[in-house]
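One structure is given here, and the rest of the page talks about it.
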Amino acid sequence: MGRMLIEACLDAPDVELAAVFDRAGSPFVGRDAGELIGQPAGVTITDDIAAAVQAADCVIDFTLPEGTLTHLAEVERQGKAMVIGTTGFSAEQKARIAQAAESVPVVFAPNMAVGVNAVFKLLEVAARILDEGYDIEVIEAHHRLKVDAPSGTALRMGEIVARELGRDLETCAIYGREGVTGVRDEQTIGFSTIRGGDVVGDHTVLFAGIGERIEITHKSGSRVSYARGALRGARFLRGRRNGLFDMQDVLGLR
């Protein structure tokens, strides 16, 4: 994602790549960020988070929850904006993001791709129509290096469907099945996770009825869609003083 974000910034005429930072000890620190994509960027990768944040108007973060919260604290201290594409946050960590958004503007979304957010909207409509007689399963696949499961996108899909059906995902979700599980409870929403190879990200929500199945699917062939969506989020935050937003806000889908 770092490479994709660097490339997307350099390709966007209205965006300036102000800084790139990595963890202390990274072999990339001290090198031109453009080396990662085969073209000069004129920006040296640093491990000085405070200096990097100071150089920018908006920080885009796709790291890990603990790192993101550390970066968010610096963004909050300096009064900058932030786009968060990191997933795997606990409820307490999400509450910390919401707290920070009271003083700085934040776009926080489980998936920045425009197409995925269009699917989120389609799921709202589908769930309202298919509210009786359909079993719901969420199936997702990602590369072998992804550390959280189910993906943040899959969970958001489940949340949307559960909300439209008047259910609580925390009580109706089933994460995997094994052994003699008994007859399927029609009120549950199932999740299946696949990890392997270099799969960028595939998500399907299956509405399985009697005599028919409806599948709403999104497949990512490249991370560039996430990077371009993140830049749209950064543009959306321009001029805003505070607030917590997601990509549905950015795309005007509320």
Side-chain angles (χ1 to χ4, degrees), residues 1-12 14-37 39-112 145-148 152 223-224 226-247 250:
M1 273 309 304
R3 290 178 173 86
M4 290 292 100
L5 287 165
I6 292 167
E7 185 173 359
C9 286
L10 295 178
D11 287 344
D14 62 334
V15 173
E16 178 185 354
L17 182 65
V20 177
F21 60 87
D22 203 346
R23 66 187 183 280
S26 166
F28 299 114
V29 172
R31 295 165 58 181
D32 186 287
E35 290 183 29
L36 299 175
I37 60 171
Q39 67 181 93
V43 175
T44 301
I45 300 173
T46 181
D47 58 7
D48 187 337
I49 305 303
V53 173
Q54 185 176 24
D57 298 314
C58 181
V59 174
I60 299 177
D61 191 304
F62 284 77
T63 56
L64 294 170
E66 294 74 18
T68 297
L69 293 181
T70 298
H71 307 153
L72 176 62
E74 186 61 36
V75 167
E76 189 177 14
R77 187 182 73 82
Q78 296 195 31
K80 301 301 180 79
M82 191 167 184
V83 173
I84 300 174
T86 305
T87 60
F89 291 101
S90 67
E92 291 77 14
Q93 290 170 326
K94 290 179 180 178
R96 171 69 185 98
I97 294 171
Q99 180 187 39
E102 294 177 3
S103 59
V104 295
V106 177
V107 168
F108 174 39
N111 196 305
M112 297 290 172
L145 299 178
K146 186 168 178 59
V147 298
D148 57 310
R223 292 177 179 84
V224 68
Y226 308 148
R228 290 176 177 172
L231 289 188
R232 289 183 70 159
R235 293 185 185 99
F236 175 83
L237 292 178
R238 184 181 295 154
R240 297 181 186 272
R241 293 187 176 182
N242 66 331
L244 182 61
F245 309 95
D246 64 16
M247 286 300 289
V250 173

Inset, instruction - Mind listing the closest non-hydrogen atom pair of Val43 and Ala19 along with its distance? - result: CG1-CA, 3.7 Å
Inset, instruction - Name all residues meeting the side chain to side chain contact (heavy atoms under 4.5 Å, CB included) criterion together with Arg228; count only those two or more places apart in sequence or in a different chain, and write none if there are none. - result: Val224
Inset, instruction - For Gln99, enumerate each residue passing the side chain to side chain contact (heavy atoms under 4.5 Å, CB included) test, keeping only those at least two apart in sequence or located in another chain. - result: Arg96
Legend entry - Smallest separation among heavy atoms of Glu76 and Ala100, with atom names: OE2-CA, 3.7 Å
Just list the side-chain donor-acceptor pairs under 3.5 Å for residues 55-67, sequence neighbours left out, or say none.
unit_1, atom_1, unit_2, atom_2, d
Asp61, OD1, Thr63, N, 3.1
Asp61, OD1, Thr63, OG1, 2.5
Asp61, OD1, Thr68, OG1, 2.8
Asp61, OD1, Thr86, OG1, 3.2
Asp61, OD2, His71, ND1, 2.5
Thr63, OG1, Thr68, OG1, 3.0

Inset, instruction - Not counting sequence neighbours, which residues clear side chain to side chain donor-acceptor pair (under 3.5 Å) with Asp47? List them please. - result: none
Legend entry - Between CD1 on residue Ile84 and CG on residue Leu72, distance to nearest 0.5 Å: 5.0 Å
Inset, instruction - Not counting sequence neighbours, list each pair that qualifies as a ring pair (Phe, Tyr, Trp, His ring centres under 6.0 Å) and has a residue in residues 79-110. - result: Phe89-Phe108
Inset, instruction - Ignoring hydrogens and angles, tell me if any N or O in the side chain of Asp246 forms a donor-acceptor pair with the backbone of Ala109 under 3.5 Å. - result: no
Legend entry - side chain to side chain donor-acceptor pair (under 3.5 Å) partners for Arg23, two or more places apart: none
Legend entry - Those residues that, when tested against Ser26, pass side chain to side chain donor-acceptor pair (under 3.5 Å) (two or more places apart): Asp22
Legend entry - Exercise: identify the closest heavy-atom pair between Ala41 and Leu10: CB-CD1, 4.0 Å
Legend entry - Distance in Å, Tyr226 OH paired with Met1 CE, rounded so as to fall on 0.5 Å steps: 8.5 Å
Inset, instruction - Heavy atoms only: give me the nearest Met82-Val75 pair and the separation to one decimal. - result: SD-CG2, 3.9 Å
Legend entry - Pairwise side-chain contact, Ile49 with Thr70, heavy-atom cut-off 4.5 Å (strictly under): no
Inset, instruction - Name all residues meeting the side chain to side chain donor-acceptor pair (under 3.5 Å) criterion together with Arg31; count only those two or more places apart in sequence or in a different chain, and write none if there are none. - result: Glu35
Legend entry - Partner residues of Gln78 under the side chain to side chain contact (heavy atoms under 4.5 Å, CB included) criterion, sequence neighbours left out: Ala50, Val53, Gln54, Glu74, Lys80
Inset, instruction - Report yes if some heavy atom in the side chain of Leu231 is under 4.5 Å from a heavy atom in the side chain of Arg235; otherwise report no. - result: yes
Legend entry - Contacts of type salt bridge (Lys or Arg N to Asp or Glu O under 4.0 Å), residue Lys146, not counting sequence neighbours: Asp148
Inset, instruction - Nearest 0.5 Å please: distance from the CG atom of Asp32 over to the CD atom of Gln39. - result: 9.5 Å
Legend entry - Minimum heavy-atom distance Gly233-Val107, with the two atoms named: O-CG2, 3.9 Å
Side-chain donor-acceptor distances from residues 237-244 under 3.5 Å, at least two apart:
unit_1, atom_1, unit_2, atom_2, d
Arg240, NE, Phe236, O, 2.8
Asn242, ND2, Glu102, O, 2.9

Inset, instruction - Over all heavy atoms of both residues, which pair between Ala33 and Val20 is shortest? Give the atoms and the distance, please. - result: CB-CG2, 3.8 Å
Inset, instruction - Can you sort out the partners of Ala51 under side chain to side chain contact (heavy atoms under 4.5 Å, CB included), two or more places apart, ordered by chain and number? - result: Asp48
